[in-house]
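All ligand and atom numbering here is 1-based and tracks the order in the structure.
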Amino acid sequence: MDKFVVRGGNPLLGTIKVSGAKNSALPCMAAAILTEDEVILENIPQVRDIETERKLLASMGAEVELGYGRAQHRTHIRCAVLSDPVAKYEIVKTMRASSLVLGPLIARTGVARVAMPGGCAIGGRPIDLHIKGLEAMGATITQEHGYLEARTDRLKGAHIVFDKITVTGTEDLLMAATLAEGETLFENCAREPEVTDLAALLIAMGANIEGAGTSTIRVQGVAKLHGARHRINPDRIEAGTFLIAGAITGGDLNVDCCEPAHLSALIYKLEQCGVRIDVGTDHIRVRSGGDLKAADISTEEYPGFPTDMQAQYMALATQAEGTTIVTENIFENRFMHVQELNRMGANITVQGRTATVQGKTPLQSAAVMCSDLRASASLVLAALVADGETILDRVYHMDRGYERLEEKLRGVGAQIRRMGDVFGKK
Ligand code: EPZ
């Protein structure tokens with residue numbers, strides 16, 4: 001398994017480019033199931049989860065060209081024939097977001113078999129709300145041998161109020177509703193930009209959707225959808241991770257090709273910490289504003305402070321003067337990075353869903369273990385300011401959602417390299 005070797009101490013200087021959003025690309029690729037025409041998606045990030053989605057769609061009979069080289073960051077998908085509408089466990093177990101094919105499959109073919117995603121490091125992450133919504137739209141869903149089997153003649157519009165705000169639940173059911181008979185009214189929807197991005201693609205494919213990006217979405221079902229070409233949003237979590245990298249190293253970093261409007265909660269919080277932020281149209285400049293000050297966060301659904309930025313922010317909080325209270329309201333076990341940060345010299349205690357960070361604590365290099373995508377990013381940020389050389393193991397977690405992270409960081413002055421598993425060498 002690959003490792004990262006990071007020597008701390010360099011301020012990050014220059015321009016770093018943000019890739020397309022993994023969490024937009026995944027539902028948009030699944031949306032191609034809804035039509036027999038070709039769907040072309042631009043600005044696709046070259047990350048492991050996208051390759052997993054390609055394998056998943058191809059395993060069902062889709063033709064998927066995932067652009068490397070000539071067609072960098074683009075994919076052409078045609079689901080003319082879905083010969084095997086099954087999301088197999090071997091693939092689903094590596095990526096929970098595979099459940100995003102459930103709604104499109106049952107809407108397009110009337111049948112779907114999707115392996116139940118197991119839990120994951122950050123929480124149980126059930127998909128009961130996806131199931132309840134499809135049943136409300138007339139699907140019959142049974143569970144056997146670890147698989148969900150969904151059947152229907154044709155989905156019917158319904159009035160669905162989400163018990164909890166769920167991003168992929170909103171996306172899954174939104175896709176299903178586009179081909180349902182009649183009108184579907186969704187309330188208590190997720191308002192994340194990834195939902196809005198998906199809706200933009202669906203509308204380009206001929207869907208009739210109003211209200212995406214708000215908590216109430218209305219869909220008039222249509223008989224068929226056609227192909228479309230769509231450009232994926234910039235990745236707001238990658239952009240946020242780079243903003244914190246610039247702040248924590250006391251650098252002067254221009255985060256380019258991003259959408260500042262998607263980062264308001266983080267920008268507001270970084271300014272409270274004393275970080276200097278200059279917002280442009282598609283870029284943000286982040287500079288040190290002197291000593292960092294502690295500022296509490298509480299993760300909320302969008303447009304609140306994103307749970308996917310909590311671990312990265314906690315690394316910054318270890319360098320802020322004072323006590324930072326971090327409350328994680330979305331997932332029940334999203335503090336896996338705390339123990340590793342403490343092994344680097346941080347002073348963090350956890351009580352239920354609240355972590356208390358005492359800063360400022362100098363961080364020392366250590367051998368640390370990555371546990372999930374965003375916790376891994378938090379450890380990279382800590383290593384960028386730690387004294388000495390930190391070894392991060394299991395960086396495949398990062399490869400799932402960050403494109404060429406070490407190259408991008410090296411390009412702005414970080415001392416970071418990837419160390420493959422050389423046989424017999426540590
Ligand atoms: C999406 O996950 C993202 N993944 C996650 O990003 C992100 O952390 C999360 O939204 C919250 O913003 C993708 O978009 C692929 P949820 P999702 O359904 O949709 C509970 C990353 O780092 N819930 O919004 O799976 C659930 O347990 C990943 O890129 C139910 O109870 O999250 C959680 O407590 C990590 N029943 C809460 O809702 C359901 O049927 C929010 O989960 C669905 C969800």
Side-chain angles (χ1 to χ4, degrees), residues 19-31 45 47-50 52-53 56 92 94-103 114 116-136 141 143 148 160-176 186 188-198 215 232-233 235-241 262 265-266 299-313 328-334 336-337 353 370-378 397-403:
S19 299
K22 159 181 88 84
N23 291 349
S24 270
L26 291 172
C28 287
M29 289 174 77
V47 297
R48 182 192 295 257
D49 275 6
I50 298 300
T52 303
E53 178 91 349
L56 174 62
V92 175
T94 66
M95 186 179 70
R96 312 178 32 72
S98 308
S99 56
L100 276 165
V101 301
L102 181 59
V114 175
M116 292 285 285
C120 85
I122 63 178
R125 301 184 72 186
I127 58 167
D128 56 312
L129 302 180
H130 301 229
I131 295 168
K132 273 170 78 173
L134 288 172
E135 286 174 334
I141 298 185
Q143 299 186 22
L148 278 177
I160 295 169
V161 184
F162 287 100
D163 297 346
K164 289 178 80 166
I165 294 172
T166 162
V167 176
T168 50
T170 301
E171 292 163 347
D172 209 2
L173 297 181
L174 175 61
M175 287 189 276
F186 293 108
N188 199 27
C189 301
R191 295 181 279 165
E192 271 68 3
E194 292 75 41
V195 174
T196 311
D197 207 10
L198 170 65
S215 54
I232 298 293
N233 269 349
D235 191 317
R236 61 192 170 96
I237 305 302
E238 183 190 20
T241 305
H262 294 163
L266 176 65
T299 64
E300 304 292 344
E301 293 87 359
Y302 191 88
F305 191 95
T307 174
D308 289 354
M309 284 302 307
Q310 178 257 106
Q312 299 92 310
Y313 183 83
E328 172 53 60
N329 293 309
I330 307 297
F331 290 110
E332 61 267 32
N333 185 33
R334 203 167 198 177
M336 310 278 277
H337 42 288
R353 292 204 172 212
C370 297
S371 57
D372 62 83
L373 176 53
R374 307 306 173 183
S376 314
S378 169
H397 287 292
M398 248 171 295
D399 292 337
R400 294 191 52 174
Y402 287 95
E403 177 178 338

Minimal non-hydrogen separation, [X] against [Y], with atom names:
X      : Y      : value
Gln312 : Ser378 : N-CB, 4.0 Å
Ala30  : Leu100 : CB-O, 3.8 Å
Ala375 : His337 : CB-CB, 3.8 Å
Leu129 : Leu173 : O-CD1, 3.9 Å

For ligand 1, is Ile165 a contact, meaning one of its heavy atoms is under 4.0 Å away? yes
Would one find an N or O of [X], backbone or side chain, under 3.5 Å from an N or O of ligand 1?
X      : value
Lys22  : yes
Leu26  : no
Gly169 : no
Phe331 : no
Glu192 : no
Thr307 : no
Arg96  : no

For [X], counting its heavy atoms only, list the atoms of ligand 1 lying under 4.0 Å from any of them.
X      : answer
Leu129 : 36 (N), 39 (C), 40 (O)
Ile330 : 33 (C), 34 (O), 41 (C)
His130 : 40 (O)
Leu373 : 22 (O), 29 (O)
Lys164 : 20 (C), 31 (O), 34 (O), 38 (O)
Ile127 : 39 (C), 40 (O)

Which heavy atom of the protein is the closest neighbour of [atom], given with residue, atom name and distance?
atom                    : answer
atom 5 (C) of ligand 1  : Asp308 OD2, 3.8 Å
atom 35 (C) of ligand 1 : Arg334 NH2, 3.7 Å
atom 24 (O) of ligand 1 : Val167 N, 2.8 Å
atom 39 (C) of ligand 1 : Pro126 O, 3.1 Å
atom 15 (C) of ligand 1 : Asn23 OD1, 3.4 Å
atom 19 (O) of ligand 1 : Thr168 OG1, 2.6 Å
atom 36 (N) of ligand 1 : Asp128 OD1, 2.7 Å
atom 22 (O) of ligand 1 : Arg374 NE, 2.9 Å

Looking at Asp49 and Arg96, is there a salt bridge between them, counting it only when a charged N and a carboxylate O are closer than 4.0 Å? no
Look at Glu403 together with Lys22 and state whether they make a salt bridge at an N to O cut-off of under 4.0 Å. no
How long is the span from the [atom1] atom in [X] to the [atom2] atom in [Y], to the nearest 0.5 Å?
X      : Y      : atom1 : atom2 : answer
Asn23  : Ile237 : CG    : CD1   : 8.0 Å
Glu300 : Ile330 : CD    : CD1   : 6.0 Å
Gln310 : Arg334 : CD    : CZ    : 7.0 Å
Glu135 : His130 : CD    : NE2   : 13.0 Å
Arg374 : Met309 : CZ    : CE    : 8.5 Å

On the 0 to 90° scale, with breaks at 30° and 60°, tag the His262-Tyr302 ring pair as parallel, tilted or perpendicular. perpendicular
Across all chains, not counting sequence neighbours, the salt bridge (Lys or Arg N to Asp or Glu O under 4.0 Å) partners of Lys132 are Asp163
Residue-level breakdown please: for Leu100 versus ligand 1, do any non-hydrogen atoms fall below 4.0 Å on the side chain, on the backbone, on both, or on neither? neither
Check Asp172, Val114, Leu148, Thr166 against Ile127 for a side chain to side chain contact (heavy atoms under 4.5 Å, CB included) and give me the one that passes. Leu148
Looking only at non-hydrogen atoms, which of Thr166, Asn329, Thr170 approaches atom 18 (O) of ligand 1 most closely? Thr166
